[in-house]
Number of protein chains: 2
Amino acid sequence: MEAQTQLEISDAEWEVMRVTWTLGSVTSSQMAEIMAEKMGWKTATVKTLLGRLIKKGALRAEKNGRAFIYYPTVDEQPSMDEAVTTLFGHLCQMRVGQTLTDLVDKLTLSQNDIASLQTVLAEKAKTAPEEVDCDCLPGGVKC
Amino acid sequence: MEAQTQLEISDAEWEVMRVTWTLGSVTSSQMAEIMAEKMGWKTATVKTLLGRLIKKGALRAEKNGRAFIYYPTVDEQPSMDEAVTTLFGHLCQMRVGQTLTDLVDKLTLSQNDIASLQTVLAEKAKTAPEEVDCDCLPGGVKC
DNA sequence: TTACACAGTTTACATCCGTAAACAAAAGAT
DNA sequence: ATCTTTTGTTTACGGATGTAAACTGTGTAA
């Protein structure tokens, strides 16, 4: 079967997904209220985004009387992982390390997050190469 | 003065920037040749992208006889940092730690990259909170 | 000088995105 | 049995993007 074609969720749509993921399920009126406060969007805008997410298959709607209740059809963590992995995949591999360091320096991480990262890093250190080459030019041209 | 308004560089444009950053300067014919191999793009496509990047101010063109030589006007590392920071800023803050861990697990990092990360993490651990709250809903609603 | 080959500039064009208004159907209020 | 409110569907519309062809000016080879 076809592996779920990378559903492209746009920035605005992503905000709708975040709320849905957090609440587990939402009605459009609920979402409209939340987005009005969080993003300053009109109800019409929210309706459009919900519709597009349904069409893209990122949300599922279950009829409940007059209206629908919306549920996410994709999980949050995998979606986040994919978004991040895709971005890093488009960056110069020689510089992802520095980029990551700069990022970690700015982010707020919990004690547990830090511990997990340290564990993963310690493990990676065992087999990490001395250096990573730039991959911005085709055919492994010197950089 | 106006702080350089976040120049939005699209995915396709980003590929052109990577090559320019790596080479320091390029002619359009050079870029066309490289992108034909790396991305399978027609010369016309490359011309369009170079033009758009000039217009956006990400590249600068210096006349050299009949043609131009293109130079980046923004640096690579800051651009990468910004792209990454922006993405993470749109993710549930409660989950960025896990996301980062998943990412690091997949990336290829050099020994030095790992060492740098470990240093930053050790420092952060000193003041890191026990946990980070979800910020997907407005007004700090419970999650 | 004359025609050719590059390099840059314009135009093209379908699709996606952000942001909504307009319209329609159905449920509830009177 | 209507009028109104709620909720979903259709239409809108300018700008960004990916992808490129067409047009133009000008050194260059003949």
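Since this is a predicted model, take the numbers as computed values, not measurements. Per chain, numbering begins at 1; letters A, B, ... match sequence-line order.
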Under-3.5 Å N/O pairs linking protein and nucleotides 2-9 of chain C:
unit_1	atom_1	unit_2	atom_2	d
C/dG8	OP1	B/Phe68	N	2.8
C/dG8	OP1	B/Tyr70	OH	3.2
C/dG8	OP2	B/Ser28	OG	2.5
C/dG8	N7	B/Lys47	NZ	3.1
C/dG8	O6	B/Lys47	NZ	3.1

* Structure fact -> Rounded to whole Å, CG of B/Asp11 lies from C1' of C/dC16 at a distance of 13 Å
* Rounded to the Å, how far apart are A/Leu49 CG and C/dC17 P? -> 11 Å
Taking only residues two or more places apart in sequence or in another chain, which ones pass side chain to side chain donor-acceptor pair (under 3.5 Å) with [X]?
| X | result |
| --- | --- |
| A/Thr43 | none |
| B/Thr108 | none |
| B/Thr85 | A/Lys106 |

* Looking for any heavy atom pair under 4.0 Å, which part of the strands does B/Lys56 touch: base, sugar-phosphate only, or nothing? -> sugar-phosphate
* Which is true for B/Lys55 with a 4.0 Å heavy-atom rule: it touches a base, it touches only sugar-phosphate, or it touches nothing? ->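 The answer is nothing, as B/Lys55 stays clear of every strand by at least 4.0 Å.
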With a cut-off of 3.5 Å and sequence neighbours excluded, list every side-chain donor-acceptor pair involving residues 89-100 of chain B.
unit_1	atom_1	unit_2	atom_2	d
B/Gln93	NE2	B/Phe88	O	3.0
B/Gln93	NE2	B/Leu91	O	2.8
B/Arg95	NE	A/Glu76	OE1	2.8
B/Gln98	NE2	B/Asp102	OD1	2.8
B/Thr99	OG1	A/Gln77	NE2	2.9
B/Thr99	OG1	B/Arg95	O	2.7

Evaluate the side-chain proximity of [Y] to [X]: yes if any heavy-atom separation is below 4.5 Å, no if none is.
| X | Y | value |
| --- | --- | --- |
| B/Leu49 | B/Met35 | no |
| A/Thr45 | A/Met39 | no |
| B/Val46 | B/Ser28 | no |
| A/Leu109 | B/Leu121 | yes |

* Taking for each residue the nucleotide of DNA chain C bearing the nearest heavy atom, is the 5' side occupied by A/Thr45 or by A/Ile9? -> A/Ile9
* Asked: Looking at residues 30-40 of chain B, who's got a heavy atom less than 4.0 Å off DNA chain D?
  ->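 Here the set is empty: none.
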Mind jotting down which residue pairs meet the salt bridge (Lys or Arg N to Asp or Glu O under 4.0 Å) criterion with at least one end in [range]? Sequence neighbours excluded, please.
| range | answer |
| --- | --- |
| residues 110-130 of chain B | B/Glu123-B/Lys126 |
| residues 17-44 of chain A | A/Glu15-A/Arg18, A/Glu15-A/Lys38, A/Arg18-B/Asp135 |
| residues 43-58 of chain B | B/Glu13-B/Lys56 |

* With a 4.0 angstrom cut-off to heavy atoms of chain B, pull out the first and last contacting nucleotide of DNA chain D, in 5'-to-3' order. =>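 Boundary nucleotides touching chain B, in 5' to 3' order, are D/dT17 to D/dT28.
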* **Inter-residue atom distance B/Thr101.OG1 - A/Leu117.CG, 0.5 Å rounding** =>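 One finds 3.5 Å between OG1 of B/Thr101 and CG of A/Leu117.
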* Roughly how bent is the helix from C/dT1-D/dA30 to C/dT30-D/dA1 end to end, in steps of 10 degrees, with each end axis from five pairs? ->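 The two end axes of the helix from C/dT1-D/dA30 to C/dT30-D/dA1 meet at 20°.
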Enumerate, atom names and distances included, each donor-acceptor pair closer than 3.5 Å involving a side-chain atom of residues 61-72 of chain B, sequence neighbours excluded.
unit_1	atom_1	unit_2	atom_2	d
B/Glu62	OE2	B/Arg60	NH1	2.7

